[in-house]
A.B. asks: 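My structure is below; once you've seen it, I'll send some questions.
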Protein chains: 2
Amino acid sequence: MTASLKATCASADLPVLMNGLATQARSAARVLGLASTAQKDQALDAMARAIRAAAAAILNANAEDVADARAGGATSAFVDRLTLTQARIDAMADGVKVVRAIDDPVGKVTERWQRPNGMTIERVRVPLGVVAVIFESRPNVCADAGALCLKSGNAVILRGGSDSFRSCRAIHECLVQGLREAGLPEAAITLVPTRDRAAVGLLLSGLDGGIDVIVPRGGKSLVARVEAEARVPVFAHLEGVNHVYVDGAADLAMAKAIVLNAKMRRPGVCGAAETLLVDRAGAPNTLKPLVDMLIDAGCEVRGDAAVQAVDARVKPATDDDWDTEYEDAIIAARVVDGVGEAIDHIQRHGSHHTDAIVTDDSNTAARFLDEVDSAIVLHNASTQFADGGEFGFGAEIGIATGKFHARGPVGAEQLTSFKYRVHGTGQTRP
Amino acid sequence: MTASLKATCASADLPVLMNGLATQARSAARVLGLASTAQKDQALDAMARAIRAAAAAILNANAEDVADARAGGATSAFVDRLTLTQARIDAMADGVKVVRAIDDPVGKVTERWQRPNGMTIERVRVPLGVVAVIFESRPNVCADAGALCLKSGNAVILRGGSDSFRSCRAIHECLVQGLREAGLPEAAITLVPTRDRAAVGLLLSGLDGGIDVIVPRGGKSLVARVEAEARVPVFAHLEGVNHVYVDGAADLAMAKAIVLNAKMRRPGVCGAAETLLVDRAGAPNTLKPLVDMLIDAGCEVRGDAAVQAVDARVKPATDDDWDTEYEDAIIAARVVDGVGEAIDHIQRHGSHHTDAIVTDDSNTAARFLDEVDSAIVLHNASTQFADGGEFGFGAEIGIATGKFHARGPVGAEQLTSFKYRVHGTGQTRP
């Protein structure tokens with residue numbers, strides 16, 4: 001820890017510091033909520049430029065973080081998430097430009113109607129206010145979340161993992177420079193200026209109304225803690241135990257392509273499939289080809305008795321397998337009696353994230369899409385499309401599995417609320 | 001307390017009872033979420049019929065509740081809220097028919113777009129799940145909330161004030177009869193079958209994921225408790241400290257009509273105005289006529305020095321007056337320096353509920369509507385329009401001042417969430 005950092009930690013009473021940050025963020029949010037699209041885009045342009053210009057400084061700061069993490073015995077996966085390269089910095093700047101290009105949701109009139117008394121009522125999007133983003137080792141979240149909150153007119157308080165502190169500070173300086181160049185308040189994007197872990201608990205408390213929503217970005221233990229302790233709304237998903245159901249009326253070639261992609265394209269993303277459900281009616285034709293394909297592609301298959309019967313390489317599934325998000329090249333597989341049992345299985349074991357059916361029968365597909373209670377339900381497409389970019393949102397701050405406010409990919413639009421504007425000509429209520 | 005009632009209370013371990021209710025409600029919610037509009041409307045028709053048919057039984061049950069409340073020393077206002085009459089029972093049945101007539105939000109596709117790879121994405125409304133409604137003395141909330149939750153495909157757990165227990169039970173029987181006639185699960189509308197006050201705390205805990213949202217209906221202390229203790233989202237407003245700002249460019253006749261209506265039409269509703277802000281630029285023409293009109297109409301005016309100066313009957317306002325929801329024929333009034341100071345005053349003292357400007361200047365109006373951070377902002381119309389019925393929603397379960405999910409009047413549409421339905425032809429993600 002550098003001397004200046006120690007000074008920061010020691011100089012302030014933490015609750016006072018955090019409440020002060022929230023108060024400044026609230027003031028900034030008022031300004032941001034009324035800022036023009038042009039002014040916000042000017043800031044985003046300047047941020048992208050500043051990130052590119054500061055690449056060397058960011059890499060230096062990151063190298064110190066990485067050295068400390070290595071010295072502290074961090075795993076190689078952890079170090080990989082923490083490490084920035086020139087390519088990753090370029091991607092960060094590009095990401096800011098992507099956010100610049102998306103539509104500004106603020107001020108958009110989503111509905112408008114007239115009442116019999118002549119009053120016009122408009123429903124218009126407004127920012128949520130102050131977003132807190134709590135993340136772990138990936139420093140790029142600073143830029144991604146900062147840019148998306150800005151575009152949607154929200155102030156944001158960023159709290160990165162203590163291991164990425166120097167990297168985040170270097171990136172945050174670029175964001176602030178962008179705000180400054182556009183004449184927007186610097187507190188619009190705040191980085192918690194201390195590694196003190198108690199800051200997370202204070203953010204979760206909501207800071208006396210200072211925080212409107214919390215977005216955790218990181219592993220399951222972080223999300224679980226945030227969901228358990230937060231006293232304000234949370235946009236998150238704890239896990240993605242996602243299913244692909246291959247119906248008896250499925251086309252085998254399509255089923256193979258979708259199952260392989262859903263599991264193996266990137267087994268570690270939250271939209272990856274974790275369980276394969278195969279209709280008993282089609283199993284004689286589909287089960288062995290699907291299982292062999294997965295195993296040949298390097299995927300471990302853990303099956304029920306019927307699945308084990310088709311290939312000696314299948315391992316037996318235990319009860320736990322049906323509830324497990326492997327985030328790895330492993331899949332649980334079982335045979336079910338039609339779409340009804342598939343839906344029941346998903347209801348019992350799923351996490352309301354993303355589930356897919358492969359079938360040529362449109363009635364069966366309609367039933368699956370209606371009855372499976374997940375944020376995203378797909379017919380004849382891979383679960384790996386569960387992503388704000390793939391949905392056309394341009395960028396996302398995460399994926400939510402709750403049913404409140406945001407569900408599925410959380411983009412700029414989902415970071416807004418609304419108000420009703422009523423235009424009258426002197427109407428009074430009888 | 002009757003013998004059967006005692007038996008109910010004593011026979012069950014309360015947490016077990018409440019968790020059981022939530023589990024049954026969750027199962028019912030799954031059925032309701034897929035029920036057709038026709039089936040739900042059939043239930044609503046049957047409920048309205050059953051309420052009319054059971055009027056005598058409801059009145060008898062209510063008479064027992066009222067007698068107990070009187071014997072217990074309840075205030076006359078409390079007894080009035082508790083008391084049912086034939087007219088109030090008719091109004092309850094009519095209310096159910098109003099809900100029957102509104103559009104079914106469930107299954108409505110609100111957006112639909114195609115991705116470059118040919119996939120179609122639809123955003124479609126789905127019910128929230130299980131709603132808990134905690135209310136106080138008005139037994140009609142049973143029917144109102146039960147009907148609206150049913151129409152929006154949600155199961156509801158109703159918890160009335162213990163003083164209205166018999167009345168609620170009699171009404172609830174009619175609702176269940178309607179569900180039964182339509183072949184819908186009886187647990188779709190559950191009345192907590194005990195007066196044990198600890199049931200409220202259990203509902204606020206969320207019953208281990210059994211409750212999706214809580215709607216408190218009642219006085220400020222109930223709402224404050226629910227907002228402080230609930231571990232699940234809440235649709236509510238704590239208070240409505242609403243403002244009418246009369247700009248310098250206002251038409252005096254229009255300003256008088258709106259101010260009088262906003263304050264005096266029904267001073268006790270949450271949309272009533274509590275504070276009058278008058279632009280210094282127009283005050284020489286508008287202030288005295290407005291103040292005299294209010295006082296002559298029986299309204300107490302508590303003013304700052306400038307307001308006191310125009311009429312000797314004005315009482316001095318204290319600091320507390322600017323933050324007070326009188327719910328009575330009292331108004332706080334002050335002179336402000338233009339729309340900017342009006343907005344600042346509302347920002348500092350308002351409750352984000354409903355605020356209005358009276359002006360002929362459309363630029364000033366636009367600024368007020370943009371900058372005032374309230375659920376409903378009106379230009380040249382009375383704040384008393386803050387009501388789901390007046391908005392054209394048909395019915396409302398309450399008004400929310402939070403920014404999450406629902407804001408303003410909470411109608412059937414606001415009681416829904418959404419899912420994404422994706423239709424592909426075999427797409428996989430590159």
A.B. asks: Among the options A:Gly33, A:Ser382, A:Ala253, A:Ala230, pick out the one with the most heavy-atom pairs lying under 4.5 Å from chain B.
C.D. replies: A:Ser382
A.B. asks: Side chain, backbone, both or neither: which part of A:Arg231 has a non-hydrogen atom closer than 4.5 Å to chain B?
C.D. replies: side chain
A.B. asks: With a strict 4.5 Å heavy-atom criterion, list every residue of residues 359-370 of chain A that contacts chain B, or say none.
C.D. replies: A:Leu369, A:Asp370
A.B. asks: Using non-hydrogen atoms and a 4.5 Å limit, figure out which bit of A:Leu128 sits close to chain B: side chain, backbone, both or neither.
C.D. replies: both
A.B. asks: Got a donor-acceptor contact below 3.5 angstrom from the A:Arg30 side chain to the B:Glu371 backbone?
C.D. replies: no
A.B. asks: Identify which part of A:Val358 has an atom lying under 4.5 Å from any heavy atom of chain B, answering side chain, backbone, both or neither.
C.D. replies: neither
A.B. asks: When you measure from the side chain of A:Arg407 to the backbone of B:Ser417, do you find a donor-acceptor pair of N or O atoms at a distance under 3.5 Å?
C.D. replies: no
A.B. asks: What part of A:Gln114 gets closer than 4.5 Å to chain B, counting heavy atoms only: side chain, backbone, both or neither?
C.D. replies: neither
A.B. asks: Can you find a pair of side-chain heavy atoms, one from B:Asn117 and one from A:Phe385, that are under 4.5 Å apart?
C.D. replies: yes
A.B. asks: Just give me the residue among B:Gln347, B:Gln384, B:His352, B:Met254 that pairs up with chain A most often, heavy atom to heavy atom, under 4.5 Å.
C.D. replies: B:Gln347
A.B. asks: Under a 4.5 Å heavy-atom cut-off, does chain B meet the side chain of A:Thr354, its backbone, both or neither?
C.D. replies: neither
A.B. asks: Find the distance between NE2 (A:His379) and CE (B:Met119) and round it off to the nearest 0.5 Å.
C.D. replies: 13.0 Å
A.B. asks: Given heavy-atom pairs under 4.5 angstrom as the criterion, report whether the side chain, backbone, both or neither of B:Ala406 touches chain A.
C.D. replies: backbone
A.B. asks: Determine whether the aromatic ring centres of A:Phe404 and B:Phe235 lie less than 6.0 Å apart.
C.D. replies: yes
A.B. asks: Measure the shortest side-chain to side-chain distance between A:Ile121 and B:Phe391 over non-hydrogen atoms and say whether it is less than 4.5 angstrom.
C.D. replies: yes
A.B. asks: I need the minimum non-hydrogen distance between A:Gly408 and B:Tyr420, along with the two atoms involved.
C.D. replies: CA-CE1, 4.4 Å
A.B. asks: Could I get the full list of side chain to side chain donor-acceptor pair (under 3.5 Å) partners for A:Lys403, not counting sequence neighbours?
C.D. replies: A:Asp373
A.B. asks: At a 4.5 Å cut-off on heavy atoms, which part of A:Ala257 comes close to chain B: side chain, backbone, both, or neither?
C.D. replies: both
A.B. asks: Chain A: which of B:Val124, B:Asp387, B:Leu260 shares the most heavy-atom pairs with it under 4.5 Å?
C.D. replies: B:Asp387
A.B. asks: May I ask you to list the residues in residues 421-430 of chain B that approach chain A closer than 4.5 angstrom, counting heavy atoms only, ordered by number?
C.D. replies: B:Arg421, B:Val422, B:His423, B:Gly424, B:Thr425, B:Gly426, B:Gln427, B:Thr428, B:Arg429, B:Pro430
A.B. asks: Give the interface residues of residues 102-113 of chain B toward chain A, defined by a heavy-atom separation under 4.5 Å.
C.D. replies: B:Glu111, B:Trp113
A.B. asks: Heavy-atom distances under 4.5 Å only: say whether A:Val126 touches chain B with side chain, backbone, both or neither.
C.D. replies: side chain
A.B. asks: Where on B:Ile376 is there a heavy atom nearer than 4.5 Å to chain A: the side chain, the backbone, both, or neither?
C.D. replies: both
A.B. asks: Please state whether the side chain, the backbone, both or neither of B:Ala228 comes within less than 4.5 Å of a heavy atom of chain A.
C.D. replies: backbone
A.B. asks: Using heavy-atom distances under 4.5 Å, tell me whether B:Arg123 contacts chain A through its side chain, its backbone, both, or neither.
C.D. replies: side chain
